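The structure under discussion appears below in the form of structure tokens.
Since the structure is predicted, the reported quantities are computational estimates derived from the model, not experimental observations.
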Amino acid sequence: MTAKTISPNFQNKTNETGEFFLPKLPYAFDALEPNIDAATMELHYSKHHQTYVTKLNEAIKKHPALAKHSVEELVSDLSAMPEEIRAVIRNHGGGHANHALFWSILSPTPQLAPSGELAKLIDESFGSFEACKEKLVATATAVFGSGWAWLVLSADKKLSIEGMPNQDSPLSHAKTPLLGIDVWEHAYYLKYQNRRPEYLTNIFKVICWSQVSARCEDALKLS
């Protein structure tokens, strides 16, 4: 198994237990207000993300040989996972990986535009940063039910924007996730109710593009 990209958020097992655990949030629950409220952040992180981690650990205990792998490696190679836990790895492993990335690209003091190689690739792929954002919003709006909108980098160093259901990860499709926008209702319903477009407008106010740009640089080095 080979991970498609490496992020410190995913290398999160203790030496003592070999279990996955929640990455520490780099900000307080209320730090992203008014765009994401504290109640949503606490519920999303402490309950939903924790459940993904707990269920993932339960599955791995049944197959100890998998404990040496990162969550990225697990979801990158679903066909190699034991059939009895494959769906758990896809759903709960994916949920853990997706959320670890999500928290890392949000910030109360974000850089609001990409830089470096990512900025160049966005211009080449979409024409402009504004066009990229518009496509991300359109893709996130169009996700039926629960899922994510992703900005991904392929092995041939091309960017694309894709909607995926549930907790599916781009890693399972041999693509590197650079940015993910969570459109599960638990990500926004307490504040925005059914107003997903309003949530999508406001989340761009807390996306830190310096983090997304850094992920792109790391992925390009590994490709």
Among all residues two or more places apart in sequence or in another chain, which pass the side chain to side chain contact (heavy atoms under 4.5 Å, CB included) test with [X]?
X	answer
Ala142	none
His173	Met164
Asp123	none

* Asked: Val88, Leu171: one ILVMFWY side-chain cluster at the under-4.5 Å cut-off?
  ->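 Val88 and Leu171: separate clusters.
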* Asked: Do Leu190 and Val183 sit in the same hydrophobic cluster, where Ile, Leu, Val, Met, Phe, Trp and Tyr count as joined when their side-chain heavy atoms come under 4.5 Å apart?
  -> no
* Asked: Is Tyr199 close to Tyr189 at the side-chain level, that is, under 4.5 Å between some pair of heavy atoms?
  ->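 The answer is no; the side chains never approach within 4.5 Å.
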* **Salt bridge Arg86-Glu83, side-chain N to carboxylate O under 4.0 Å** =>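 Salt bridge: no.
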[X] side-chain N/O to [Y] backbone N/O, donor-acceptor pair under 3.5 Å:
X	Y	value
Gln211	Cys208	no
Trp184	Asn166	yes
Ser46	Leu43	no
Asn57	Phe20	yes
Ser169	Val75	no
Lys191	Pro34	yes

Just by distance, with hydrogens left out, do [X] and [Y] show a side-chain donor and acceptor under 3.5 Å apart?
X	Y	answer
Tyr52	Asn98	no
His96	His49	yes
His44	Asp182	yes
Glu217	Ser213	no

* Structure fact -> Sorted by chain and number, sequence neighbours left out, salt bridge (charged side-chain N to carboxylate O under 4.0 Å, His left out) with Lys61 holds for Glu19
* For Glu162, salt bridge (charged side-chain N to carboxylate O under 4.0 Å, His left out) partners two or more places apart -> Lys175
* Matching residue for Tyr192 among Asn202, Thr40, Thr201 - test: side chain to side chain donor-acceptor pair (under 3.5 Å) -> Asn202
Measuring from [X]:[atom1] to [Y]:[atom2], what's the distance to the nearest 0.5 Å?
X	Y	atom1	atom2	answer
Glu185	Gln193	CD	CD	10.5 Å
Cys216	Leu159	SG	CG	6.0 Å
Leu151	Ile161	CG	CD1	5.5 Å
Leu179	Leu101	CG	CG	7.5 Å

* Report the relative orientation of the aromatic rings in Trp209 and Phe129; use parallel for angles under 30°, tilted for 30 to 60°, perpendicular for over 60°. => perpendicular
* Give the ring-plane orientation class for Phe102 versus His99, where under 30° counts as parallel, over 60° as perpendicular and anything between as tilted. => perpendicular
Write down the atom of [X], the atom of [Y], and the distance for their closest heavy-atom approach.
X	Y	answer
Gly163	Val143	CA-CG2, 4.3 Å
Ile105	Leu178	CG2-O, 4.2 Å
Leu118	Pro114	CD2-CB, 3.8 Å
Leu112	Ile207	CD2-O, 4.1 Å

* Asked: Taking it one step at a time, do Ile85 and Leu66 satisfy side chain to side chain contact (heavy atoms under 4.5 Å, CB included)?
  -> CA-CA 11 Å; Ile85 64 167; Leu66 297 177; 3.7 Å; yes
* Check the pair Tyr45 / Leu22 against side chain to side chain contact (heavy atoms under 4.5 Å, CB included), numbers first and verdict last. => CA-CA 8 Å; Tyr45 173 80; Leu22 283 176; 3.7 Å; yes
* Structure fact -> Exactly one candidate in Ser160, Ser76, Pro177 meets side-chain contact (heavy atoms from CB on, under 4.5 Å) with Pro170; the answer is Pro177
* Does NZ in Lys55 sit with more than 12 non-hydrogen atoms of other residues, nucleotides or ligands closer than 6.0 Å? ->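 At most 12 heavy atoms, drawn from other residues, nucleotides or ligands, come within 6.0 Å of this atom.
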* Qualifying salt bridge (charged side-chain N to carboxylate O under 4.0 Å, His left out) pairs with a residue from residues 196-210, counting only residues at least two apart or across chains ->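 Qualifying pairs: Arg195-Glu198.
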* What's the verdict on side chain to side chain contact (heavy atoms under 4.5 Å, CB included) for Thr54 and His92, showing C-alpha distance, side-chain angles and the deciding distance? -> CA-CA 8 Å; Thr54 299; His92 295 285; over 6 Å; no
* Trace of the side chain to side chain contact (heavy atoms under 4.5 Å, CB included) decision for Leu220 with Leu153 -> CA-CA 9 Å; Leu220 289 171; Leu153 185 71; 3.8 Å; yes
